[in-house]
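I have placed the structure first, in the form of structure tokens, so that the comments after it can refer back to it.
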Amino acid sequence: MTLMTKCLGAAAMLSLSAGAALTEPALIFDLGGKFDKSFNEAAYNGAKRWVEDTGGSFREIELQSEAQREQALRRFAEAGFNPVITMGFAMADPLSNVAPDYPDTKFTAVDVTWLDAPNIRQIGFAEHEGSYLVGMLAAMASESGTVGFVGGMDIPLIRHFGCGYAQGAMAVNPDIKIIANMTGTTPAAWNDPVKGSELTKAQISQGADVVYAAAGGTGVGVLQTAADEGILSIGVDSNQNHLHPGKVLTSMLKRVDVAVYDAMTAGENLETGVFTLGLAEDGVGYALDEHNAALISDEMKAEVDAAREAIIAGELNVVGYYENDSCPVIDF
């Protein structure tokens with residue numbers, strides 16, 4: 001069945017009426033757009049799979065500005081969409097303002113876990129666990145003994161990625177050098193592939209031969225430049241191995257697609273509360289497919305899979321940045 005979605009701009013949002021189907025979900029993409037090949041696109045893929053499996057339809061909006069966050073929430077809730085699914089930590093404040101006004105509407109907040117609201121399903125991910133695994137792979141693949149990390153907006157969430165990555169790399173090579181840079185301090189940092197490219201070139205000049213991008217759409221520039229310059233990159237959120245076959249070592253999968261699919265499937269019966277998806281729940285992991293199989297040896301895979309099982313069993317602890325608002329092995 002044809003994907004029945006409608007992209008709503010600010011003007012179109014105003015035309016929403018209470019006539020919308022009560023059980024039709026809505027999806028609010030974060031800044032950077034639904035085709036960022038990373039975080040937002042993972043959400044879109046989950047929604048698309050739900051449409052294909054059920055024949056249902058949903059409404060969507062790609063935010064163009066911070067001011068649209070609360071407006072989009074209110075318009076969708078007012079029009080009867082349920083659940084309303086939001087992407088990104090920046091939706092936390094708008095949700096805390098809007099959700100109490102619509103107690104019969106269920107909301108899903110991806111990357112938000114700290115709100116006190118009975119009608120919100122809050123979903124967090126153990127990004128540090130998945131990043132630990134790709135950090136191990138980076139250190140095993142590196143020939144220079146230097147690896148890089150390019151983050152998007154400088155927030156605790158992205159430091160959480162970077163901290164896990166550094167711990168994984170150092171578990172393989174305690175002497176490894178890790179270069180970490182953030183793209184910026186505003187939401188524009190999620191969609192700046194030119195800056196991502198510049199940071200990658202700077203890290204290469206310092207010896208990095210594997211660079212991990214946790215930067216949304218900015219990461220496209222990181223992966224492109226790494227491929228052009230003959231080094232390896234690591235993708236994030238979505239499986240980005242196919243973007244540059246044989247050049248992307250792996251991708252740290254963050255199953256945002258599953259979170260969105262499950263929320264749409266539950267509909268008005270959505271279970272609210274706080275949920276964290278880690279390795280044990282297959283909420284994070286690393287991507288292995290035909291595009292990177294030649295880059296990861298059986299020995300590398302065995303070592304990383306052993307670490308994965310140890311983390312799940314509680315035998316190996318990956319320190320999260322959130323624990324003390326700091327990382328024990330690297331300064332950002």
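- Without hydrogens or angle criteria, Asp209 side chain to Glu143 main chain gives a donor-acceptor distance under 3.5 Å.
- Interatomic distance, CE of Met153 versus OG1 of Thr218, reported as 12.0 Å (0.5 Å rounding).
- The aromatic ring centroids of Tyr132 and Tyr165 lie 6.0 Å or more from each other.
- Look at Lys254 and Asp111 and you find a salt bridge, because one of the NZ, NE, NH1 or NH2 atoms lies within 4.0 Å of a carboxylate O, short of that distance.
- By the 6.0 Å and 45° rule, Arg121 stacks over the aromatic ring of Phe275.
- To the nearest 0.5 Å, atom OG1 of residue Thr108 and atom CE of residue Met87 are 10.0 Å apart.
- For the residue pair Thr200 / Thr225, no side-chain donor-acceptor distance below 3.5 Å is found, with atom types taken as modelled.
- A salt bridge does not link Arg69 with Asp93: every distance from a Lys NZ or Arg NE/NH1/NH2 to an Asp or Glu carboxylate oxygen is 4.0 Å or more.
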(message) Is there a side chain to side chain contact (heavy atoms under 4.5 Å, CB included) between Ser205 and Lys201? Walk through the geometry before answering.
(response) CA-CA 6 Å; Ser205 73; Lys201 288 179 179 177; over 6 Å; no
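- Listed for the Gln206 side chain is a donor-acceptor partner under 3.5 Å among the backbone atoms of Ala202.
- Remark: the backbone N or O of Val220 is not paired with any side-chain donor or acceptor of Gln224 at under 3.5 angstrom.
- Between His128 and His160, the ring planes are tilted. Angles from 30° to 60° get that label.
- Between Leu137 and Met140, the closest side-chain pair of non-hydrogen atoms falls below 4.5 Å.
- Formation of a donor-acceptor pair under 3.5 Å by the Glu41 side chain with backbone atoms of Lys37 is found in this model.
- The aromatic rings of Phe89 and Trp190 stand perpendicular to each other, their planes meeting at an angle above 60°, with 30° marking the opposite boundary.
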(request) Determine, stepwise, if the pair Tyr261 / Asp53 fulfils side chain to side chain contact (heavy atoms under 4.5 Å, CB included). (result) CA-CA 10 Å; Tyr261 180 92; Asp53 288 353; 2.8 Å; yes
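- Put simply, the side chain of Asn292 gets close to the backbone of Ala287: a donor and an acceptor are under 3.5 Å apart.
- Ile178 has its side chain out of reach of Val329: every pair of non-hydrogen atoms, C-beta onward, lies at least 4.5 Å apart.
- Contact annotation: the side chain of Asp104 never approaches that of Glu268 to less than 4.5 Å [non-hydrogen atoms, C-beta and beyond].
- Distance alone, capped at 3.5 Å, is enough to place a donor-acceptor pair between the Thr272 side chain and the Pro118 backbone.
- A 4.5 Å side-chain heavy-atom check between Val210 and Leu249 finds at least one atom pair inside the cut-off.
- Following chains of ILVMFWY side-chain contacts shorter than 4.5 Å, one can reach Ile158 starting from Leu277, so the two form part of one hydrophobic cluster.
- Residues Tyr322 and Arg159 fail the side-chain proximity criterion, which asks for heavy atoms closer than 4.5 Å.
- For the atom pair CE (Met252) and CD (Gln240), the distance works out to 11.0 Å, reported to the nearest 0.5 Å.
- Between the side chains of Asp289 and Asn239, at least one donor N or O sits under 3.5 Å from an acceptor N or O.
- Checking side-chain atoms of Thr54 against main-chain N and O of Trp50 turns up a donor-acceptor pair under 3.5 Å.
- The residues Lys34 and Glu60 are annotated as salt-bridged, a charged nitrogen and a carboxylate oxygen being separated by less than 4.0 angstrom.
- Among all heavy-atom pairs drawn from Leu270 and Ala263, the shortest one is CD1-CA, 3.7 Å.
- You'll find the side chain of Leu27 stays beyond 4.5 Å of the side chain of Arg59, heavy atoms only.
- The distance from atom CZ of Phe35 to atom CZ of Phe29, rounded to the nearest 0.5 Å, is 7.5 Å.
- Taking the side chain as every heavy atom from C-beta outward, Pro187 and Glu66 approach each other to under 4.5 Å.
- At a threshold of 4.5 Å between non-hydrogen side-chain atoms, the residues Met264 and Ile85 count as touching.
- Residues Phe332 and Val211 fall into different hydrophobic clusters, defined by Ile, Leu, Val, Met, Phe, Trp and Tyr side chains chained together at heavy-atom separations under 4.5 Å.
- Using the six-membered ring where Trp is involved, Phe149 and Tyr212 have ring planes that are perpendicular, over 60° apart on the 30 and 60° scheme.
- For the pair Asn119 (side chain) and Ala99 (backbone), a donor-acceptor distance under 3.5 Å is present.
- Side-chain heavy atoms closer than 4.5 Å link hydrophobic residues (I, L, V, M, F, W, Y) into clusters, and following such links, possibly through other members, connects Val236 to Leu279.
- Cluster membership for Val319 and Leu316, using ILVMFWY side-chain heavy atoms within less than 4.5 angstrom, is not shared.
- Across Ser57 and Pro25, no two heavy atoms sit closer than the pair O-CD, 3.4 Å.
- The closest donor-acceptor contact from the side chain of Glu70 to the backbone of Gln68 lies at 3.5 Å or more, if one exists at all.
- The backbone N or O of Tyr286 sits nowhere less than 3.5 Å from a side-chain atom of Thr250 that would complete a donor-acceptor pair.
- With Leu73 as reference, Val84 is the one residue of Val84, Thr105, Ile61, Asn97 to meet the side-chain contact (heavy atoms from CB on, under 4.5 Å) rule.
- The pair Lys48-Asp257 does not meet the salt-bridge criterion, since no charged nitrogen lies less than 4.0 angstrom from a carboxylate oxygen.
- Minimum heavy-atom separation, Ala169 to Ala139: O-CB, 3.4 Å.
- Ala109 approaches Thr86 most closely through the heavy-atom pair CA-OG1, 3.4 Å.
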(message) Checking Glu198 against Asn181 for the side chain to side chain contact (heavy atoms under 4.5 Å, CB included) test, could you report, in this order, the C-alpha distance in whole Å, the side-chain angles of both residues, the deciding distance, and whether it holds?
(response) CA-CA 11 Å; Glu198 293 170 354; Asn181 297 112; over 6 Å; no
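- Here the shortest heavy-atom pairing between Ser238 and Ser251 reads O-CB, 3.6 Å.
- Across all non-hydrogen atoms, the minimal contact from Leu95 to Pro100 is O-CD, 3.9 Å.
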